[in-house]
Every structure is written in structure tokens, then in C-alpha cells.
Amino acid sequence: MICHLQKYLKQARIPLNPLTSRIRFHSSSENCSHIVSSSPIESYCSDGPRLDHHQVLCVDSPRLPDIDVIISKVHVGSSEDEVFQSLKQDHVCNAIQPSRYLVNKLIHRFKDDWKSALGIFRWAGSCPGYEHSSEIYEMMVDILGKVRQMDQMRALLEEMSKGHIVTLNTIAKVMRRFSGAGQWEDAVRTFDELGTFGLEKNTETMNLLLDTLCKEGKVELARSVFLELKSCIPPNAHTFNIFIHGWCKINRVDEAQWTIQEMKGHGCHPCVISYSTIIQSYCRQYNFSKVYELLDEMQAQGCPPNVVTYTTVMSYLAKSGDFEEAIRITEKMKIVGSKPDSRFFNCLIYTLGRASRVQEAVYVYQVEMPENGVAPDTSTFNTMITMFSHHGHHEKAFHVLEEMNKLEHCKPNVQTFHPLLKSCFKTGKTDECLSQLLDDMVNKHHLSLDITTYTLVIHGLCRANKCEWAYLLFKEMIGHDITPRYQTCRLILDEVKQKHMYDAAEKIEAVMKKL
DNA sequence: GCGCCCTTAG
């Protein structure tokens, strides 16, 4: 295996992405799924040898890309300073001159592991001849904000301010993260301090602040901020649409309707976005008579619905179970001459599938989409796969996956595989077919198995009387710090007891105690 | 149901 690897390196001059990422995944909190038990046997011997590869790669391979050299020095669970020190004190890393491209890729790679990201960020920042761009600072600000490291985030903003590289985008990220963390005063303060960052308090930045507050449901706070600002900063249609969305989000459609009047009072015209937002709100209440009323009003106001409006209505009609009415939306669309897009088609395919009109769904996919110049996306394929699986056309579902694999731009995600995994269990193909799918997920598409996938597969295997394999996956799941559901533990516990696997039973019970 | 992406809407 090792020899083969070196040969590969020398001959192909191709970075060892699949392998190195697997190695990385082994110790990463972000994605640790390389030892997925495609088969029980494989799982037993998955650890030791790979670490040897690791060493071989780092020591013997001069062509190992810089990014992988650095990744190999970053150990999960270390503090940002430990990461920083391990990079700083490593002579191989120190020979690397970081570029913004490299740092960008690294930070992106560790976007779910803020300590590693920050350690790398600090290391790169300390390298002579290198300076972080605003964009990289902003990524780091976002990463820190996401994990609520608000003081660290604030410190970065301060650094940026000193370097005069704060942009509107930085402010947007900082305000959104403050709002998201419930620190609304800090979001407002960031706006107040715009001048110190060399930026202006104007309609655009005010809208940004109002939007961050409204998106977090703090519409009333946004209102009071607005009332204070509006004498100096003129609102635009945008401003009111933000409020309409805010009110709708917290289910206060009356206030949203009232905002329409208010915007007219300010000489701003309600637009298709204003109405579509309110329509969605009525959709959520399944109040379709109001929806139709508003659709008519839009026409009357010279503001006809567009593809977004229609897709919204269609999707909620389908959700309400009224598939026929949902499909009829297509005709309304055709009459108005609104141009369909991929999200519209995905919704239509889904609806036709739910209405058991599979042939028509296939027709939309095969004929109407190409005719309208709309390319399928991951969601289209996922919808087709779900539909075929649901209607028992399992081989067709797998065929769609193959079609998808041929396309470069359209990669499968975890959702793509769920119906296919279910198909395996339904058709009893719980051997090669299932292991192949899991192997493809992890090793071909570098997807990490999430709680849903583990649950689905473990339950399926238990029902298929394959609890040894299920138990391997169960252990793997625990190893990846994914907490199993109570039901999953219960099910697998009963199964292993029946098979007299008392060791396993004990371990499962230990896990359950911690739930 | 939740988190992700993005953030004037699906």
C-alpha cells in the first residue's frame, strides 16, 4: 500500500487529495468519517496503517502540496496557540510562504474548527511578507461569530480598523453575528461606530442593521432604531420590505400589511417582493383565499406575481395536500408568461411526484427543463431520486445518481443518498449495494455521515437482522462524537441481546446512561 | 426539527 502510494506520487504528480483528506478526517471534528464500515471487516482494520501513510507522506514526499503539509500539522483539540506554535516551530511549515489563496483555502477548510482556523490565521499573519486581505479577515470574523467568540471577533475587527481594511461586508458580518448571538446593543453600536471605520451611515447601512435585527425577530427593536434614524437617513422601498419580512417572520401579518400602507405614505411603491413576502405568510397559515386575493391585488396594482411568488404558492399548496391545485399554478404562470427557473421546476417535479404523476414529472425533467434552458441542480436530482424511490422504481433512482455523477457541476450531498439507502433496505439489498453506497458517500464524495444517515442505516440493518454491522456503525458514530437517539440505542440493544452479544449490550447501556 | 447558506422573496 505504501509503495503503491509513492509510485502514485512520483508518476502522477497528482496531490493525494482523497488519501490526505481521509487522514485529516480521521482526526478532525469537522469530518471524521473515513472509517465508515462499508463492510464489517474493513472497519476492524481501519486505523493503524493509515497513520503510517501519514508519516510517509509528510517525510518522504516532496510533492505534497503546501496545504496538506499544514493540515497535517494541525491537531484537533489543540488550542489556537498550540496550533500556532506547532506551525511556527515546524521547519517544513516555515519554509512555506503563505499566499492569500492558500490561507483562504485553509481557513475555509477549518471553518467548523475555530481554534485551528485562528491558529492558522495567526501563523500566516506572522509570516514576513504576508498580509491578510479583508476577505480572509472577514472569513475569520464569521467563523468566530458563529461559535459566539464575540470578544475574539471584536478584537479582529479592531485589528482591521487599525489597518483601515474594514469593508461594508465586514460590518454586515459583524452585525449579523452580534444579532445572532442576541447582542443587539452591540449590533446597533457597530452601526453607530461606522464613522470610525471610515464608513458612512446611510440608507444602505441602516438597512443592513435593520435587516440583521429583523432576521433575528427583533422587529420592534428595529422599529425603534428606525424611528430614531429616519429623520437623518431616508428610508427606501428596501427598508420597508425588510420590515414586512420581519413582521411576517414573527407571524404578524397585520403589521406587515400596515407597513405596505406606511411605505406608500413615504412615497415608496410596494413591489413584487413586498407582496410575495406577505403571500408566503398567508401560505404558512394555509389561508389560501387570502393568497388568491393578494395575487389578484398584485395584478390590479400593476405589480404582477413572478416565478418566486408562484413557486411559493405552489409549494405550500402541495404541502397542504392539494396537489392538483398546486399543479394548476403552472397554468397561471404560463398565462402571465413568467419564466420558470430551476427552483420552480424542482417544486413542480416534487408536486407531480407527490400526486403520483411520475411520468409527467419525468417529462418535466427530460423535456420542459431543457426546452426552457434550465439546467438541473443537486436539488432536482434529489427530488427525482426521492420520487423514484418512493414509488418503488429503485433502479431508476440509482440511474439518476449515475446521471448526476457524470456531471461536473452538480455534486451529490447527504440528502441524495438517503432515499437510495432506504431503497437498499426495501429491496433487501443490504450487502454489496449498501456498502457501495456508504463507500461512495465517504470516499468518493467526501461526505460525512450525519445523525440522520447513521440512524437510517442502523435501524435498517437491525430490521434486516444484521445487528453486528449495525453495532459497528453505532461504535463509529460514537467515535465521531455523534450522539445516537434513544430509540436507536433501544433498538440495537434489543437486537444485540437477542444475539447474546453481551459485551456490546453493556457498552450500549453505558451510552444510554449518558443520554 | 435544526443548522446551513445567505440575507429584500421561493
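Note on naming: letters A, B, ... go to the chains in the order of the sequence lines (proteins, then strands), and numbering restarts at 1 for each one. Treat the numbers as computed from the prediction; the structure is a model and nothing was measured.
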(request) Hey, which sits more toward the 5' end of DNA chain B by its nearest nucleotide, A:Thr277 or A:Arg485? (result) A:Arg485
[atom1] gap between [N] and [M], integer Å:
N	M	atom1	answer
B:dC2	B:dT7	P	24 Å
B:dT8	B:dG3	P	23 Å
B:dC6	B:dG1	P	25 Å

Counting the atoms with a prime plus P, OP1 and OP2 as sugar-phosphate, which does [X] contact under 4.0 Å by heavy atoms, base, sugar-phosphate, or nothing?
X	result
A:His245	sugar-phosphate
A:Ser315	nothing
A:Val307	base
A:Asn207	nothing
A:Thr311	base

(message) Would A:Lys319 and A:Tyr316 count as a cation-pi pair here, with the cationic atom under 6.0 angstrom from the ring centre and within 45° of the axis?
(response) yes
(message) Would you say A:Asp341 and A:Asn372 are linked by a side-chain donor-acceptor pair, where the criterion is simply a distance under 3.5 Å?
(response) no
(message) Side chains of A:Ser179 and A:Glu216 only: does a donor on one sit below 3.5 Å from an acceptor on the other?
(response) no
